[in-house]
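Side chains included, hydrogens not; waters and symmetry mates left out as well; all remaining heavy atoms used.
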Amino acid sequence: MAVTCRDIMNLECCREIRLLAGAEGLDREVSWPYVKSMDTISEWIHGGELVFVIGFREDVSEKGLLELLDEAVRCGIAGLVLLYGGEYIKCVPKSARAYAEKRGLPLFRMPFMLKLIDITREISKYIIHDREVNQVQGFPEKDSVLELLLEQRPGEEVIARCRLKLQPLMEADKVLRTELVKTLKMYLEHGNELVSTAADMYIHRNTLVNRMKKIDALLGVNVNDPETRYEFGTVYRILEYYGAL
């Protein structure tokens, strides 16, 4: 069974997230958590995402939030989580709650001081675990980008799957201003060799070691495993080929 907004809100890491409106849509399926950092979400999502809104460099006025909610409905996202109480979102207007309630779009608020990277990571792990269970129970999901290429799937689908593979690193880079996507790419290009990778990136070897530990943890893999190394190497080559990296 697919993961829903209701399932995610029952996770221990989400215990301080509160539903403001749109309870009717709590059983919407969640494909992945997405942290909004642009004015628009339309160009960056595929539908089904649980979107987290920080308010950084965004219009979070009443008008801006209503426009965001309208875009969210049109894009078919699973739900919207507003990080409130910080420098950006001070409160959630009644009009925004009413809009979400009328359209059955789950609208949540989350204390700004919670570690967003921890929450999105736990949600991602939960979704991945659910997919693995479904595979065991006979609901296979093609996870290898090579399988998609061999089946001659549309380029958009292949790109989306590649981005999904790297999404935990992409989100970490946006939230923590790290360079994990670049670091993994460089590490793979250097044949998983620490010294030459660190030298090429002009960072200390220990810094690279710590980054690789974080990458392994976020992706839930061992990037030194031959199959994993080949899979992610293919992901980077595909994204570069399509100009999507």
key: Residue pair Asp118 / Cys13, side-chain heavy-atom distance below 4.5 Å   = no

When every non-hydrogen atom of Cys75 is compared with those of Ile45, the smallest separation belongs to CB-CD1, 3.7 Å

Looking only at side-chain N and O atoms, does Asp70 offer a donor or acceptor that is under 3.5 Å from a partner on Tyr99? yes

Between the NZ atom in Lys102 and the CG atom in Leu69, the distance rounded to the nearest 0.5 Å is 13.0 Å

*Find out whether Leu50 and Met9 are in side-chain contact, i.e. whether some heavy atom of one side chain is under 4.5 Å from a heavy atom of the other.*
yes

Heavy atoms of Lys174 and Val35 approach each other most closely as NZ-O, 3.1 Å

- Message: Under the criterion side-chain hydrogen bond (donor to acceptor under 3.5 Å, both in side chains), I'd like the reasoning laid out for Thr4 against Asp7: C-alpha separation, chi angles, the key distance, then a yes or no.
- Response: CA-CA 5 Å; Thr4 67; Asp7 295 328; 3.1 Å; yes

- prompt: If only atom types and distance count, is the side chain of Glu101 paired as donor or acceptor with the main-chain N or O of Gly22 below 3.5 Å?
  reply: yes

(Q) Apply side chain to side chain contact (heavy atoms under 4.5 Å, CB included) to residues Leu239 and Leu166 and explain how you reach the verdict. (A) CA-CA 11 Å; Leu239 290 175; Leu166 294 175; 3.7 Å; yes

Discussion item. The test is side chain to side chain contact (heavy atoms under 4.5 Å, CB included); show your working for Asn222 and Thr228 and say whether it passes.
Written reply: CA-CA 7 Å; Asn222 176 3; Thr228 302; 5.8 Å; no

- Just wondering, do Lys214 and Leu180 contact through their side chains at under 4.5 Å, heavy atoms? yes

**Q.** Verify same cluster id: Met113, Leu116 (apolar side-chain graph, 4.5 Å)
**A.** yes

All heavy atoms of Pro106 vs all of Cys5, minimum pair found to be CG-SG, 4.2 Å

*Should we count NZ of Lys213 as having more than 12 external heavy atoms under 6.0 Å?*
no

*Ser196 and Glu193: side-chain donor and acceptor closer than 3.5 Å?*
yes

Problem - Donor-acceptor pair, side chain of Arg18 and main chain of Arg15, under 3.5 angstrom - result: yes

* Asked: Do we see a donor-acceptor contact under 3.5 Å between the side chains of Thr197 and Asp200?
  -> no

- Residues Tyr230 and Asp225: side-chain donor-acceptor under 3.5 angstrom: no

Contact check, side chains of Val51 and Val53, non-hydrogen atoms, under 4.5 Å:
yes

So CZ of Arg211 and CG of Leu169: to nearest 0.5 Å the spacing works out to 12.0 Å

> Is there side-chain contact between Arg229 and Asn192, with at least one heavy-atom pair below 4.5 Å?
Replying inline: yes

(request) Check whether the side chains of Ser124 and Gln167 place a donor and an acceptor atom closer than 3.5 Å, and report yes or no. (result) no

Glu71 side-chain N/O to Ser42 backbone N/O, donor-acceptor pair under 3.5 Å
yes

So CZ of Arg109 and CG of Leu82: to nearest 0.5 Å the spacing works out to 10.5 Å

* Does the Arg28 side chain pair with the main chain of Ile77, one donor and one acceptor, at a distance under 3.5 Å? -> yes

When rounded to the nearest 0.5 Å, the distance separating NZ of Lys125 from CG of Leu219 is 12.0 Å

- Message: Counting only heavy atoms from other residues, nucleotides and ligands, does the tally under 6.0 Å from CD of Glu189 exceed 12?
- Response: yes

* Side-chain contact, heavy-atom cut-off 4.5 Å: Glu16 with Met110? -> no

Dump the intermediate steps for side chain to side chain contact (heavy atoms under 4.5 Å, CB included) on Tyr126 and Val30, then the final yes or no.
CA-CA 11 Å; Tyr126 183 73; Val30 178; over 6 Å; no

* Asked: Phe108 versus Leu80: any side-chain heavy-atom pair under 4.5 Å?
  -> no

- Task: Go through the steps for Ile54 and Lys36 under the test side chain to side chain contact (heavy atoms under 4.5 Å, CB included), then give the verdict.
- Result: CA-CA 7 Å; Ile54 300 174; Lys36 180 179 183 290; over 6 Å; no

Arg177 atom CZ, over 12 foreign heavy atoms within 6.0 Å: no

The reported gap from NZ in Lys165 to CE in Met170 (rounded to nearest 0.5 angstrom) is 13.0 Å

Nearest heavy-atom contact between Ser95 and Leu66 is O-CD2, 3.7 Å

Of all heavy-atom pairs linking Ala72 and Ile41, the shortest is CA-CD1, 4.0 Å

ask   = Looking at side-chain heavy atoms only, is the closest gap between Tyr84 and Val60 below 4.5 Å?
value = no

Minimal heavy-atom distance between Leu65 and Pro93, with the atoms involved, is CD1-CD, 3.6 Å

d(Thr178 OG1, Ile117 CD1) to nearest 0.5 Å is 7.5 Å

Notebook entry, point to check: salt bridge (Lys or Arg N to Asp or Glu O under 4.0 Å) between Glu240 and Lys185: does it pass, once the steps are laid out?
Noted result: CA-CA 11 Å; Glu240 285 189 324; Lys185 180 176 182 293; 3.1 Å; yes

